[in-house]
Number of protein chains: 2
Amino acid sequence: MNPLQAKFARYVELDLQARTQIDGLLRSEGRLVPAGADLIREGEPIHFVKLVIDGWGCRYKLLEDGRRQVVAFLLPGDLCNPDALTAEAMDHSIGALNDMHCALIAPEVFDRACLRSHCLRQAMAFDACAMLGMQREWTLNLAARPALARIGALLCELHYRLAALGLAADGRFATPLTQVTLAEATGMTSVHVNRVVQDLRGRGLLHWHGRHITLPDPDRLAQLSGFSPRYLHMNRFVPGTFAGDPDLAAKSPRVPPRTESKIAGAI
Amino acid sequence: MNPLQAKFARYVELDLQARTQIDGLLRSEGRLVPAGADLIREGEPIHFVKLVIDGWGCRYKLLEDGRRQVVAFLLPGDLCNPDALTAEAMDHSIGALNDMHCALIAPEVFDRACLRSHCLRQAMAFDACAMLGMQREWTLNLAARPALARIGALLCELHYRLAALGLAADGRFATPLTQVTLAEATGMTSVHVNRVVQDLRGRGLLHWHGRHITLPDPDRLAQLSGFSPRYLHMNRFVPGTFAGDPDLAAKSPRVPPRTESKIAGAI
DNA sequence: CGGGGTCTTGACGTGAGTCAATATGCGTGG
DNA sequence: CCACGCATATTGACTCACGTCAAGACCCCG
């Protein structure tokens, strides 16, 4: 099972037609991007739809002062440029966190595949929703949550996404993250990331040694961090890991309580 | 000229067919959402594609502690739920900042219009790029910029988007923003927003009285705030306001300098 | 065995939050 | 036309989460 198919199957049930088209896409030319290198840079034209097959990447922007801000993580199965046919120049850069295998898909090929399968089109639409949802959630995290919750929520999201791909089990997953990268993503200093990480360790919510992370109690971490996976739109995925509790799925889609606004109902 | 058409014309040249389809969409049932009310809430099903005709809205999420975080502003011509056919439940809420007129478009009608015009499809794709781009830029703002630049960049973006619609001239535009709303959007206290606003006033970069904002020197504010409109993808728009300088368009698409990474080229 | 990237730790500085009081402006009803 | 009342804006004093700086420790890899 390739990662794109694994992810898409979390959105909708894929029929044979869709799986065939996906397989077709996967047969595109491949590319190895070494750790630390860029897949594409801000301002460059977009020639291919790129798909992460293996390894992690990140979307980032450089600031005036040279710092870099990571605005998204790319995991296996993630599309780097679904908008190849539209946008003519990148408004951000994409870098590899570890050695990263990508498929380079000609935009026309990509488009044709979408035309040929309704399921695939649907899955792509879900994926776009999820990307926007993640970005919005990330905006909220940075704006509104204190350091501990911020890091906690990021770890929960990564864990959830990886679990959906079958790349995490029992709260454990391999990762190329460093505390510096985490700092670039959370808008904090690596020094402060370090202190927060130790705090999480102290609370028994995180084991992180080298290239492996374990979340011993994802539910508690999620609660502490205000993480709820709704924005990922993976309707067909309820992680076994997140609960011995079978009612989790039922409890989860709660609407946060709203202190009554002066004007009553929504439309 | 309706605002949707005005915006889309900044992405691509609209042919007659596209303009006809857009006019068709605009004839949908309308709705008035009073200031402070919600258009739709997190968790609710999506029945319509909604288009802001007049007034301002915002996307927001509520936090555990009751604060609300604004993650995007919706201006005339903005689509609230282009994903109506895909996502079954909202992962955030949409509220009106002032009295807001919306068109409620049946998803099938929306879809049909897109099918019938290639231009329209293209414009929609651009708009999706822009929405993602804005969200990423906003992520970066919150994570990496100090309060003054954060507010500056937001004001620049709003000004740019409004100017593209013809709703700002000479740096001046009408707005329902309050310092509280601005605080909810920038992840700051309204107290601190106030101090920053006064700082901006003191520097002669902002006039803000009641429901009108003027940016006396948008270029300088943009530079101070690190704002560059690339991420808005409005290729066919170079604001007169942003420059007596006709070379601005040529200068603008710069790639920020990159301190040489250990591993050389991008692909 | 050495070296660079990574992680830790401590002392100290500061931007932004908190709390709380006061002003200002505006829409409404008298 | 004026008075009241609420939303919004402003101010000052004090606190604190997180940044800065700098030194060391660790650890994997060649």
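These figures come from a predicted structure and were not determined experimentally. To find a chain, count down the sequence lines: A is the first, B the second, and so on, and within it residues start at 1.
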Over how many whole Å does the gap from [X] atom [atom1] to [N] atom [atom2] extend?
X: Asn98(A); N: dG5(C); atom1: CG; atom2: C1'; answer: 16 Å
X: Arg150(B); N: dA16(C); atom1: CZ; atom2: P; answer: 7 Å
X: Leu142(A); N: dA17(D); atom1: CG; atom2: C1'; answer: 16 Å
X: Met188(B); N: dC16(D); atom1: CE; atom2: P; answer: 20 Å
X: Leu177(A); N: dT6(C); atom1: CG; atom2: P; answer: 12 Å
X: Asn194(A); N: dA25(D); atom1: CG; atom2: P; answer: 16 Å
X: Leu182(A); N: dC7(C); atom1: CG; atom2: P; answer: 10 Å
X: Trp208(A); N: dC27(D); atom1: CH2; atom2: P; answer: 16 Å

Please report the closest heavy-atom contact between Asn141(A) and Ala153(A), naming both atoms and the distance.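 Nearest heavy atoms, Asn141(A) then Ala153(A): OD1-CB, 3.5 Å.
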When you check the gap from the basic side-chain N to the acidic O, do [X] and [Y] get nearer than 4.0 Å?
X: Arg145(B); Y: Glu64(A); answer: yes
X: Arg67(B); Y: Asp65(B); answer: yes
X: Asp199(B); Y: Arg195(B); answer: no

Classify Val191(B) by what it touches in the nucleic acid, base, sugar-phosphate, or nothing, heavy-atom distance under 4.0 Å. base
Determine whether Asp78(B) and Lys7(B) satisfy the following criterion, salt bridge (Lys or Arg N to Asp or Glu O under 4.0 Å), listing intermediate values before the conclusion. CA-CA 9 Å; Asp78(B) 283 341; Lys7(B) 182 172 67 166; 2.7 Å; yes
State which of [options] makes the closest approach to the side chain of [X].
X: Gln179(A); options: dT8(C), dG19(D), dA9(D); value: dT8(C)
X: Gln198(A); options: dT8(C), dT11(D), dC7(C); value: dT8(C)
X: His192(B); options: dT9(C), dA16(C), dC18(D); value: dA16(C)

Could you pick out which residue, Arg195(B) or Thr178(A), lies toward the 5' side of DNA chain C when each is mapped onto its nearest nucleotide?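 Taking each residue's closest nucleotide, the earlier one in sequence belongs to Thr178(A).
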Looking at Arg201(A) and dT8(C), is any side-chain donor or acceptor paired with a base atom of the opposite kind under 3.5 Å?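 Not at all, since no donor on one side and acceptor on the other fall under 3.5 Å apart.
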Hey, which of these two, Val193(A) or Ser190(B), hits DNA chain D nearer its 5' end, going by closest nucleotide?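 This one resolves to Ser190(B).
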